[in-house]
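Have a look at the structure below before the remarks.
Every heavy atom of this structure was used, including side-chain atoms; hydrogens, water molecules and symmetry mates were not. Reminder, nothing fancy here: chain letters follow the sequence lines and each chain counts from 1.
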2 protein chains.
Amino acid sequence: MFSIGDLSRRTGVKVPTIRYYEQMGLVAAPERSEGNQRRYGRQELERLAFIRHARDLGFAVEDIRSLIELSGHPEQPCGHADRIAGEQLISVREKIAQRQRLEAELERIASCCNGKTVGDCYVIRALSDHALCANEHG
Amino acid sequence: MFSIGDLSRRTGVKVPTIRYYEQMGLVAAPERSEGNQRRYGRQELERLAFIRHARDLGFAVEDIRSLIELSGHPEQPCGHADRIAGEQLISVREKIAQRQRLEAELERIASCCNGKTVGDCYVIRALSDHALCANEHG
DNA sequence: CTTGAAGCTCTAGTGACTAGAGCAATTACA
DNA sequence: TGTAATTGCTCTAGTCACTAGAGCTTCAAG
């Protein structure tokens, strides 16, 4: 039997976040001690680790809810789980591509400021005038 | 003189977002028509374009506030603007690196699901067991 | 038996918007 | 000039995934 603090240390999920997940229905409300404190077992620990892992991978809470739901029905075809993961992969790739465009733009902006005052600072000028951008972004 | 809708079309910033920026003090409250509608001039258009550009580049609203403040004092040294841009660059690079780790992990997870049911679905198993991860993430 | 850490509930705040209700003003066309 | 469609106004509340704080109670160690 773990306290909420134990669970937190073992999974790396912060205590208030565990309570928040309970409120959101991502984890079930656990047993309580005589003094009304939460007491968790191994099963809850595993579920929370699952959630933690999926959050680290960028899955939205709603996706995680679906994945948990699916994992409770191991006899069903796994196309749905595949689709959720595939969509997440696409979204991650899009974000990377987008951020790489920003990186290029920021590099250009931040590296060539050799003005001494704001008046001729490249950072400010580049932000004021989109025409100074080498390529499209946003 | 532009209406808020004109301004929105010209800058690509949505109408409620313009009003939100006004509320946050990022753009000044403009003149009003007799019927209490906002009327903007060229200066406001430029400022909003600046904000739009900076947001596209991922700058936080608070950073933009600083950059606007700086651009109003063109005689000051531009080290501060440089620093904001440099920090933004670092943060973008970190996010790219993080996302690339996730991409690798998700690729592995999403690509090798050849189970027919959730019971032996790699997606679910990989999320349940961190040990299946090729490398660290999160 | 006391002390200090950890737990409890509840409310409110974060960032950067977005949505909707319920009106008023403007504009285009007949 | 009439009217209908569009655009605008304010205000409140919702989004996502937490995070912070107040004010209290319980637990574990010494």
So do the side chains of [X] and [Y] get within less than 4.5 Å of each other, counting heavy atoms only?
X     : Y      : answer
B:I90 : B:R93  : no
A:V92 : B:Q100 : no
A:R39 : A:S3   : yes
B:E22 : B:E44  : no
A:I51 : A:I68  : yes
B:R42 : B:F2   : yes

(request) Enumerate the residues from residues 6-13 of chain B whose closest heavy atom to DNA chain C is under 4.0 Å, giving them by residue number; use none for an empty result. (result) none

(request) Could you check which residues of residues 18-33 of chain B get a heavy atom under 4.0 Å from DNA chain C? Sort them by number, please. (result) B:Y20, B:Y21, B:S33

Identify each donor-acceptor pair in which a side-chain atom of residues 26-37 of chain B lies under 3.5 Å from a protein atom, sequence neighbours left out, and give them as a table.
from	atom 1	to	atom 2	distance (Å)
B:R32	NH1	B:N36	O	2.9
B:S33	OG	B:G35	N	3.2
B:S33	OG	B:N36	N	3.4
B:S33	OG	B:Q37	N	3.0

(message) Hydrophobic clustering (ILVMFWY, side-chain heavy atoms < 4.5 Å, transitive) - are A:I4 and A:M1 grouped together?
(response) no

Whole Å only: how far is the [atom1] atom of [X] from the [atom2] atom of [N]?
X     : N      : atom1 : atom2 : value
A:F59 : D:dA17 : CZ    : P     : 13 Å
B:R38 : D:dG8  : CZ    : C1'   : 9 Å
A:E62 : D:dA17 : CD    : C1'   : 12 Å
A:I64 : D:dA17 : CD1   : P     : 8 Å

(message) Need two values: the first and the last nucleotide of DNA chain C, 5' to 3', having an atom under 4.0 Å from any heavy-atom of chain A.
(response) C:dG7 to C:dT9

(request) By nearest nucleotide on DNA chain D, pick out whichever of A:P16 and B:G35 is the more 5' one. (result) B:G35

Between [atom1] of [X] and [atom2] of [Y], what distance do you get to the nearest 0.5 Å?
X     : Y     : atom1 : atom2 : value
B:I96 : A:I96 : CD1   : CD1   : 8.0 Å
B:R47 : B:I64 : CZ    : CD1   : 11.0 Å
B:Y40 : B:L45 : OH    : CG    : 11.0 Å
B:L67 : B:F50 : CG    : CZ    : 5.0 Å

In a table with atom names and distances, give each donor-acceptor pair under 3.5 Å that connects a side chain of residues 13-21 of chain A to protein atoms at least two apart or in another chain.
none

(request) Between B:N36 and B:R55, just flag the one whose closest nucleotide in DNA chain C comes earlier from the 5' side. (result) B:R55

(message) Looking at A:R65, I'd like to know whether one of its side-chain N or O atoms comes within less than 4.0 Å of OP1 or OP2 on D:dA17.
(response) no

(message) It should be established whether A:T17 places a side-chain nitrogen or oxygen under 4.0 Å from OP1 or OP2 of nucleotide D:dC18.
(response) no

(request) Take the C1' atoms of the five end pairs on each side of the helix from C:dC1-D:dG30 to C:dA30-D:dT1, get both axes, and report the angle to 10 degrees. (result) 10°

(message) Check whether A:R52 reaches the backbone of A:G12 with its side chain - one donor and one acceptor, N or O, closer than 3.5 Å.
(response) yes

(message) As a test of reading the structure: which of D:dT19, D:dT10, D:dG8 is closest to the side chain of B:S3, going by heavy atoms?
(response) D:dG8

